[in-house]
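Everything below concerns the one structure shown next.
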2 protein chains.
Amino acid sequence: MATNIRDVAKAAGVSVATVSKVLNGYTTVNEQTKEKVLKYVKELQFRPNQAARSLVGRRSMTIGIFLTTGLAHPFFARILVGMEQALQAKGYDLIYLAQMSWGKEYSFVRHCQSRNVEGVVVFGFQHEVTDFGELIESDIPAMFIDLDIREGRAGFISSDNREATERAVAYLAKLRHRRLAYISGNKDSYVDIHRFAGFRAGLEQAGIPYRQEYTAEGDFTQEAGYAAMQRLLALPEPPTAVVCCSDMSAIGAIEAIREAGMSVPEDFSVLGFDDIELAGYVRPALTTVRQDMIAIGRKVIEQLDALITDETLDPPAAIVQTELVVRDSCGPAKAD
Amino acid sequence: MATNIRDVAKAAGVSVATVSKVLNGYTTVNEQTKEKVLKYVKELQFRPNQAARSLVGRRSMTIGIFLTTGLAHPFFARILVGMEQALQAKGYDLIYLAQMSWGKEYSFVRHCQSRNVEGVVVFGFQHEVTDFGELIESDIPAMFIDLDIREGRAGFISSDNREATERAVAYLAKLRHRRLAYISGNKDSYVDIHRFAGFRAGLEQAGIPYRQEYTAEGDFTQEAGYAAMQRLLALPEPPTAVVCCSDMSAIGAIEAIREAGMSVPEDFSVLGFDDIELAGYVRPALTTVRQDMIAIGRKVIEQLDALITDETLDPPAAIVQTELVVRDSCGPAKAD
DNA sequence: CTGAAAGCGCTAACAA
DNA sequence: TTGTTAGCGCTTTCAG
């Protein structure tokens, strides 16, 4: 059986209260006694039972995680890596609330409460999919990734989507492209709205008029990228370059371009977004905007911890820098 | 504040004991009372506090997870997807014990105990890296993935590595390759031992004598695959086909073959293992052994649940079927 | 500076 | 069939 505080107290010849005080850093304990207690804590490898701890109102050191998109999301793994570092630094464990499915009978908030979760990180891209009202009203500290919710005790974090896309357009413009297209992600998603805004801003910067027909709707997937590109190519005056809202769309777009008998980057430039692992392996290797998912993971925990430990803190809207990774999918515009 | 059992009892006009009995499925409760209690449970959205529950010795419905390799492992995401299904079905939540680092000061087992974890899944590939002795002695039900530990209350699960590789060799032999090489993973890993055994068995089946010099040591990475292939290519009589212990090694191997001025699959056939996402995207697309990581994830939880709920159960050694995915990286041997 | 005792939310004997 | 009560392991007043 696991050792408990009484075992330690008995071994050290003190009361459980004293052991508890030592463990919780009270200064009202004699240095001698403290040493003695600590000695037995180490010897017995005692770790206070978290359940009992959180029961008496102490911190549970548990953070919950929820994904609206399911575990299969391509970034999830990397975000987790980043979270891991911060989790360790701050002393939290991460609990994946598996039974969750938002809706009528089931209450995510209740689930969190029953698990004594101190805070929760939510990862997803669409507002409509789920109703976060209950969570926001619950006053459980929360951090959203790629979802601009900032209300009550909930903040969010995301990449600098707008600037990143603006820079991407500038890069393409420097390659002398003038007919620039945009393949969007899901139209109402936070990231798409900002990337699209960046696209338009970039156009303006470069003195290129915006053309409605050069915006093709997608949904972040390869299939959508493929279909969107086909539509773009069917235009009377097709574009010569495209910025895609995701690497997967970019891959789909390249597929469509190839099928139309053209090659990338000679005839057409394709710029992606994300820099997923695949990006460096497909041919041509993708020129793309790298999102620093590890930094996002780390920061989301740091911010959440801040929210948890400081009740008065205004919920953050954290932005993480991106970087344009130049590979082989973009080239100079052909003089025509 | 979260509702507790007393709130429900008060609302329903019964004692807390009655509420508890209803919730725990005791049959000694009047049908009327039960209905009434259930009504208020639903109305107040009551969920018993897990901490209190596990404190009194009830099940915590919590499974811990530990990765010797860190979160960045390429399979982890897919395994998680599989685990998710089973977790939901069985009603567990998953806790990632983040502060862990095995060794002197830190006890993984204590950590599990302090979190009232009912069972734990461990994922990694090398025995040496960590000492699992403490875990095995602790009697905490455990399931290892790709690590053949079967002792006490610990079992394991893995793909049919031996048969898979044997089949892969048979496939290559059918393409009339006779000079078959093997690029290994870490030599002492469970999976490599079995894959290598399968390689030799396949050779024997095909009536091809084993040649020591055709076995090149790697460590699952792309770099190792690249280096191993270079060594193979430098042989006086180089092989014409290679089976690699991972897709990443296969990708590295292809790189080396190209650099040597040959092409895949025309001059050299390369067969991978895993079928990671990349496998279908690199050129040539990899012919490879697909590991069903989703099934592994699902099964590992099911087996762990069995171990948890049945104290007398013998720890399982579960094997999951693989499938040879034929793409473009293997072709017929050139008649020479 | 130390310890006795109450109580966190829940379950399980035991009484009624 | 229901309620009273002790106690899980811990923290925290409050006396000593």
Side-chain angles (χ1 to χ4, degrees), chain A residues 1-38 40-41 44-62 91 109-118, chain B residues 1-41 44-62 109-118:
Chain A
M1 196 45 205
T3 8
N4 63 26
I5 199 171
R6 259 195 314 277
D7 299 330
V8 179
K10 203 169 295 170
V14 296
S15 75
V16 295
T18 304
V19 177
S20 174
K21 278 167 199 158
V22 170
L23 257 23
N24 290 290
Y26 283 62
T27 50
T28 66
V29 181
N30 182 310
E31 198 53 39
Q32 311 275 319
T33 332
K34 187 175 156 190
E35 301 261 306
K36 193 168 56 181
V37 169
L38 251 18
Y40 285 101
V41 165
L44 299 173
Q45 299 203 75
F46 172 65
R47 269 184 89 114
N49 182 306
Q50 281 295 348
R53 236 158 178 247
S54 35
L55 199 54
V56 291
R58 268 265 156 180
R59 304 191 50 188
S60 70
M61 299 313 289
T62 313
V109 170
R110 298 296 177 175
H111 194 163
C112 286
Q113 290 170 338
S114 85
R115 287 286 183 179
N116 296 289
V117 157
E118 293 196 66
Chain B
M1 197 45 206
T3 12
N4 64 26
I5 200 171
R6 259 196 312 278
D7 298 330
V8 179
K10 202 169 297 173
V14 297
S15 77
V16 294
T18 304
V19 177
S20 175
K21 278 168 198 157
V22 171
L23 256 23
N24 290 290
Y26 284 62
T27 49
T28 65
V29 181
N30 182 311
E31 197 55 37
Q32 311 275 321
T33 332
K34 186 175 156 187
E35 301 260 305
K36 193 168 54 182
V37 169
L38 251 20
K39 184 184 146 217
Y40 286 100
V41 165
L44 300 173
Q45 297 204 75
F46 172 65
R47 269 185 90 113
N49 181 306
Q50 280 294 350
R53 239 160 175 242
S54 35
L55 201 53
V56 291
R58 270 265 155 180
R59 304 191 51 186
S60 71
M61 299 313 289
T62 313
V109 170
R110 297 298 175 173
H111 194 165
C112 287
Q113 290 170 338
S114 87
R115 287 287 182 178
N116 296 290
V117 156
E118 293 196 63

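Proteins get letters first, then strands, A, B, ... in listed order; numbering begins at 1 in each.
- B/Thr18 has no side-chain polar atom (N or O) that falls below the 4.0 Å cut-off from OP1 or OP2 of D/dT1.
- Between B/Glu35 atom CD and D/dT1 atom C1' there is a gap of 16 Å when expressed in whole angstrom units.
- Side chain of A/Ser20 to main chain of A/Val16: no donor-acceptor pair is present (N/O by atom type, distance under 3.5 Å, no hydrogens or angles).
- Rounded to an integer number of Å, the gap from A/Arg47 CZ to D/dC10 C1' is 15 Å.
- The side chain of B/Arg6 places an N or O atom within less than 4.0 Å of a non-bridging phosphate oxygen (OP1 or OP2) of C/dG9.
- For B/Asn4 and C/dG9, the shortest distance from a side-chain N or O to OP1 or OP2 is below 4.0 Å.
- Nearest nucleotide to the side chain of B/Val56, out of C/dG9, D/dC10, C/dT2: C/dG9.
- Judged purely by atom type and a 3.5 angstrom limit, A/Asn4 uses its side chain to pair as donor or acceptor with the backbone of A/Asp7.
- Distance, A/Lys21 NZ to D/dT11 P: 12 Å, rounded to whole Å.
- The distance from atom CG of A/Asn116 to atom P of C/dG9 is 10 Å, rounded to the nearest whole Å.
- Distance alone, capped at 3.5 Å, is enough to place a donor-acceptor pair between the B/Ser60 side chain and the B/Asn116 backbone.
- If A/Ala17 and B/Gln50 are placed on DNA chain C by their nearest nucleotide, the residue sitting closer to the 5' end is A/Ala17.
- For A/Tyr26 and C/dC1, the shortest distance from a side-chain N or O to OP1 or OP2 is not below 4.0 Å.
- B/Arg53 places a side-chain heavy atom less than 4.5 Å from the side chain of B/Asn24.
- Distance from the side chain of B/Val14 is smallest for D/dG3 among the nucleotides D/dT11, D/dG3, C/dT2.
- In this entry the distance linking CZ of B/Arg59 with P of C/dT11 reads 14 Å, nearest Å.
- The CG-C1' distance, from B/Leu23 to C/dG9, rounds to 12 Å in whole Å.
- Taking only side-chain nitrogens and oxygens, A/Asn49 never comes nearer than 4.0 Å to OP1 or OP2 of D/dC10.
- With DNA chain D read from its 5' end, the first of the two nearest nucleotides for B/Val16 and B/Leu55 is the one closest to B/Val16.
- Not one side-chain nitrogen or oxygen of A/Ser54 sits closer than 4.0 Å to the OP1 or OP2 atom of C/dC8.
- Few gaps surround NZ on B/Lys36; more than 12 heavy atoms of other groups in view lie less than 6.0 Å from it.
- Put simply, A/Arg53 has no side-chain N or O that comes within less than 4.0 Å of OP1 or OP2 on D/dG9.
- Atom P of nucleotide D/dT13 and atom CG of A/Asn24 are separated by 12 Å, given to the nearest angstrom.
- At D/dT12, one or more side-chain N or O atoms of A/Arg58 fall inside 4.0 Å of OP1 or OP2 (strictly under the cut-off).
- Straight-line distance from the CD1 atom of B/Ile5 to the P atom of C/dA12: 11 Å, rounded to whole Å.
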